[in-house]
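Read through the structure below, which is laid out as structure tokens, and then see the notes.
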Amino acid sequence: MTELPDSPRGHLERPATKAALVIQHEILRAVREYLSESGFTELLPPVIGPVTDPGSRGAKQVDIDYYGHKYKLMTSAILYKQAALLTFDRIFYIAPNVRLEPPETSATHRHLTEFHQIDVEIAGASREDAMAVAEDIVRHAVRGALGRAGAEMAALGRTADAFVDLSSGPFDRVTHTDAVADLHRLGVPQSPDAEINWEAEEQLSRKASRPFFVTDYPKGSRGFYDREDPADPGRLRNFDLLAPEGFGELASGSEREFRYADLISRMRETGENPAKYAWYVEMARDGIPASAGFGIGAQRLTRYIAGLDAIWQATAYPKLPGVVSP
Ligand code: AMP
Ligand code: MG
């Protein structure tokens, strides 16, 4: 069942919608409990700003008129997460993002124009520290859904069997280079210098039986804030977390650039004008902590855990790219 109902009522009154939203509620509850118990403070996320994350591939940003200044709706609150580390060492948001994705992505079953990220940032952390927290979040979310929304999971045909492999070992890690080689062996075209494209990512995801990490993406595939590896120039100290069964990407994260000079050169390399980022650049000039963090798509995580055909089934108010909806 992947047809979007033609009215908001049709969607909201469907029992499957209610089951998915109960599961999502328990996922978010479990994530909040885990993060709070691990010393994280939840902050309320910013919604608008003079700039937003430039790193979202192919998606258009939404401008608003802010007292005569052009502001943006957040496509990601990454810059604000780094800023928040001036106050706390470990923070998270459950943050709304708006991205006008290309209309053709309405067919991927994993793109919305309005979605939420479980957005985590950790001062002084390495990429590996951040990956460990991302892995813990997924495990707690699965446990929360099975433990507290077992009836709703069963109603959607999803049982503990789907998570036996997840429970039985650590998430695998593969470098971008090895993932590309693997794709070439499968006869799937993929550039070694670029982000893994959606079809290829789905192929990798299909082969897996539990979530896994892809690390060390090439420079040029990501925004200026993913830290370049000093030991391997041209590679980034970053990662994606992919779900199994063809569900694809769940999260992206990295160690962050935080040194003023490095940030400025990375901005210029990625075609961004540092002057546009004045508040952030000035803050970095005066010093921001080293950090690592990531964002897990809340609807993507719900889709994977609940085993939903399409991502819009994981939201009360679906907005699909190119589709006019309330
Ligand atoms: P990104 O910074 O683009 O990697 O986004 C962070 C996470 O947000 C991704 O790993 C996805 O889980 C989620 N996400 C990104 N774009 C979308 C979208 N258009 N619809 C739903 N979830 C998304
Ligand atoms: Mg990503």
Side-chain angles (χ1 to χ4, degrees), residues 4 20 24 27-28 31 45 52-62 73-82 92-121 127 130-131 134-135 137-138 141 176 179 194-198 200-202 204-205 211-218 220-226 236 238-243 247-254 256 270 292-305 308 310-323 325:
L4 182 65
Q24 184 167 77
I27 288 171
L28 293 178
V31 170
T52 183
D53 172 12
S56 35
R57 41 179 163 167
K60 265 176 46 190
Q61 302 179 345
V62 179
L73 296 183
M74 284 299 130
T75 55
S76 147
I78 164 73
L79 308 180
Y80 293 86
K81 286 201 297 179
Q82 283 183 277
F92 74 102
Y93 309 128
I94 297 186
N97 294 159
V98 175
R99 299 181 186 178
L100 300 185
E101 302 279 4
E104 56 273 21
T105 60
S106 65
T108 63
H109 296 179
R110 50 214 173 90
H111 288 88
L112 297 166
T113 54
E114 185 179 77
F115 63 95
H116 295 74
Q117 287 194 52
I118 302 162
D119 233 339
V120 173
E121 199 70 22
R127 170 180 66 185
M131 288 161 74
E135 181 164 341
I137 285 179
V138 174
H176 179 274
E195 180 71 274
I196 297 178
N197 66 59
W198 290 310
E201 186 188 288
E202 201 168 309
L204 289 177
S205 166
F212 63 100
F213 292 103
V214 180
T215 63
D216 301 275
Y217 284 71
S221 67
R222 296 292 165 97
F224 60 77
Y225 40 80
D226 280 16
L236 301 172
N238 65 359
F239 66 89
D240 269 13
L241 175 61
L242 272 67
F247 289 108
E249 177 187 335
L250 290 176
S252 289
S254 70
R256 312 303 189 186
T270 57
F294 57 86
I296 302 184
Q299 291 84 359
R300 294 256 184 110
L301 184 62
T302 306
R303 179 185 172 219
Y304 159 54
I305 292 177
L308 304 173
I311 193 166
W312 59 262
Q313 295 166 304
T315 168
Y317 320 109
K319 289 192 185 67
L320 284 170
V323 179
S325 36

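In listed order, ligands and their atoms are each counted from 1.
When only interatomic distances are considered, the shortest N/O to N/O separation between Ile311 and ligand 1 does not fall below 3.5 Å. Checked by distance only, ligand 1 and Ile296 stay at 3.5 Å or farther apart across all their nitrogen or oxygen atoms. Below 3.5 Å of separation, one finds an N or O of Gly297 facing an N or O of ligand 1. For His111, no nitrogen or oxygen atom sits less than 3.5 Å from a nitrogen or oxygen atom of ligand 1, counting backbone and side chain alike.
Ligand 1 lies less than 4.0 angstrom from a heavy atom belonging to Arg99. Residue contact check for ligand 1: Ala251 places a non-hydrogen atom closer than 4.0 Å to it.
Contact annotation: for Leu301 versus ligand 1, there are no heavy atoms closer than 4.0 Å.
The Mg ion (ligand 2) has Glu249 OE2, Ser252 OG as its protein N, O or S neighbours under 2.8 Å.
Contact of the Arg99 side chain with the Ser76 side chain is registered, since non-hydrogen atoms from C-beta on lie closer than 4.5 Å.
Taking a cutoff of 4.0 Å between a charged side-chain nitrogen and a carboxylate oxygen, Asp53 and Lys81 do not qualify as a salt bridge. Using a cut-off of 4.0 Å between Lys/Arg side-chain N and Asp/Glu carboxylate O, Arg110 and Glu101 are scored as not salt-bridged.
Across every non-hydrogen atom of Val214 and Ala179, the tightest pair is CG1-CB, 4.3 Å.
Note that the CG atom of Leu320 and the NE2 atom of His111 stand 11.5 Å from one another [nearest 0.5 Å].
Counting atoms of ligand 1 from 1 in the listed order, those under 4.0 Å from a heavy atom of Arg110 are 20 (N), 21 (C).
Evaluated for a side-chain hydrogen bond (donor to acceptor under 3.5 Å, both in side chains) with Ser254, the options Asn238, Asp226, Asp240 yield exactly one hit, Asp226.
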